[in-house]
Amino acid sequence: MAVIVTVEIPGGTQEQYESTTARLERAEWWPPQGFIAHAAGPDGSGGWRVVDFWDSEEDFLAFAAKARPIFVEQGMPPILPTFQDAVNVMVRPGGAG
């Protein structure tokens, strides 16, 4: 069953997010195994929120381990993801921009 992964980044900025995302997308292993979809934006309290959909919690944790050096390089704080089962995940063909 797919999982919804939510990551809160207190104090995270759009600039940090964009530079980290660009760096991840240049990694030789991108896209990572099990990745389905991703969305991110301001959390309304001065930080940043990421909501991802993955095939499994294990796939996300494997990604996080690979991505950790990039997160450190970009000055991101340690992440504390939360997981919940996804009954359904629908993604518009071509994605949202």
Side-chain angles (χ1 to χ4, degrees):
M1 174 177 285
V3 294
I4 303 165
V5 182
T6 305
V7 177
E8 302 289 343
I9 307 169
T13 67
Q14 183 171 350
E15 293 76 20
Q16 249 182 338
Y17 167 77
E18 288 176 349
S19 66
T20 301
T21 299
R23 179 69 177 81
L24 288 168
E25 290 176 334
R26 289 192 306 270
E28 63 188 34
W29 45 263
W30 188 265
Q33 177 180 324
F35 173 75
I36 298 172
H38 170 88
D43 68 6
S45 66
W48 206 252
R49 176 177 296 126
V50 174
V51 179
D52 281 356
F53 299 89
W54 289 80
D55 285 337
S56 69
E57 185 173 331
E58 293 76 21
D59 284 336
F60 174 82
L61 292 173
F63 154 74
K66 280 184 180 178
R68 187 168 290 114
I70 295 171
F71 294 153
V72 170
E73 166 191 297
Q74 297 296 314
M76 299 293 287
I79 63 168
L80 296 172
T82 60
F83 300 92
Q84 62 191 98
D85 290 340
V87 174
N88 190 20
V89 178
M90 297 188 313
V91 179
R92 184 179 76 196

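Taking all atoms of both residues into account, the shortest heavy-atom contact from Ala86 to Ile4 is CB-CG1, 3.7 Å. Contact detail for Ala65 and Pro69: the closest heavy-atom pair is O-CD, 3.7 Å. Residue Asp85 comes nearest to Met1 through the heavy atom pair CB-SD, 3.3 Å, listed as atom of the first residue, atom of the second, then distance.
With sequence neighbours excluded, no residue forms a salt bridge (Lys or Arg N to Asp or Glu O under 4.0 Å) with Glu18. Checked against ring pair (Phe, Tyr, Trp, His ring centres under 6.0 Å), Phe83 has the following partners two or more places apart in sequence or in another chain: Phe60. Remark: Gln74 engages Ser19 in a side-chain hydrogen bond (donor to acceptor under 3.5 Å, both in side chains) (not counting sequence neighbours). Qualifying side-chain hydrogen bond (donor to acceptor under 3.5 Å, both in side chains) partners for Asp55, counting only residues two or more places apart in sequence or in other chains: none. When the side-chain contact (heavy atoms from CB on, under 4.5 Å) test is applied to Glu15, the partners found at least two apart in sequence or on another chain are Thr13. Shown here are the side-chain hydrogen bond (donor to acceptor under 3.5 Å, both in side chains) partners of Arg23, two or more places apart in sequence or in another chain: Glu73. Ser45 pairs by the side-chain hydrogen bond (donor to acceptor under 3.5 Å, both in side chains) definition with Asp43, not counting sequence neighbours.
Residue pairs meeting the side-chain hydrogen bond (donor to acceptor under 3.5 Å, both in side chains) criterion with at least one member in residues 1-11, sequence neighbours excluded: Glu8-Arg49.
Clustering of Ile, Leu, Val, Met, Phe, Trp and Tyr side chains at separations under 4.5 Å leaves Val72 isolated, with no partner residue. Hydrophobic cluster membership for Val87: none, as no Ile, Leu, Val, Met, Phe, Trp or Tyr side chain comes under 4.5 Å of it. In the hydrophobic clustering (ILVMFWY side chains linked at under 4.5 Å, chained through shared members), Leu80 stands by itself.
In the hydrophobic clustering of this structure, Val89 does not group with Val50; members are Ile, Leu, Val, Met, Phe, Trp, Tyr whose side-chain heavy atoms approach within less than 4.5 Å, directly or through other members. Tracing side-chain contacts under 4.5 Å through hydrophobic residues (I, L, V, M, F, W, Y), one never reaches Phe53 starting from Ile79; they form parts of separate clusters. A continuous path of ILVMFWY side-chain contacts below 4.5 Å connects Trp30 to Trp54, so both sit in one hydrophobic cluster.
Considering only heavy atoms from C-beta on, Phe71 comes within 4.5 Å of Thr20 through its side chain. By the 4.5 Å heavy-atom criterion applied to side chains, Gln84 and Thr82 are not counted as neighbours. Side-chain contact check for Ile9 versus Pro77: some heavy-atom pair is nearer than 4.5 Å. With contacts defined as side-chain heavy-atom distances shorter than 4.5 Å, the pair Leu24/Trp29 qualifies.
To the nearest 0.5 Å, atoms CH2 (Trp48) and CD (Gln14) are separated by 4.0 Å.
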For residues 33-41, tabulate all N or O donor-acceptor pairs below 3.5 Å that involve a side-chain atom, not counting sequence neighbours.
unit_1: His38; atom_1: ND1; unit_2: Asp52; atom_2: OD1; d: 2.5
unit_1: His38; atom_1: NE2; unit_2: Tyr17; atom_2: OH; d: 2.6

Could you please spell out the steps behind the side chain to side chain contact (heavy atoms under 4.5 Å, CB included) verdict for Val3 and Val5?
CA-CA 6 Å; Val3 294; Val5 182; 4.0 Å; yes

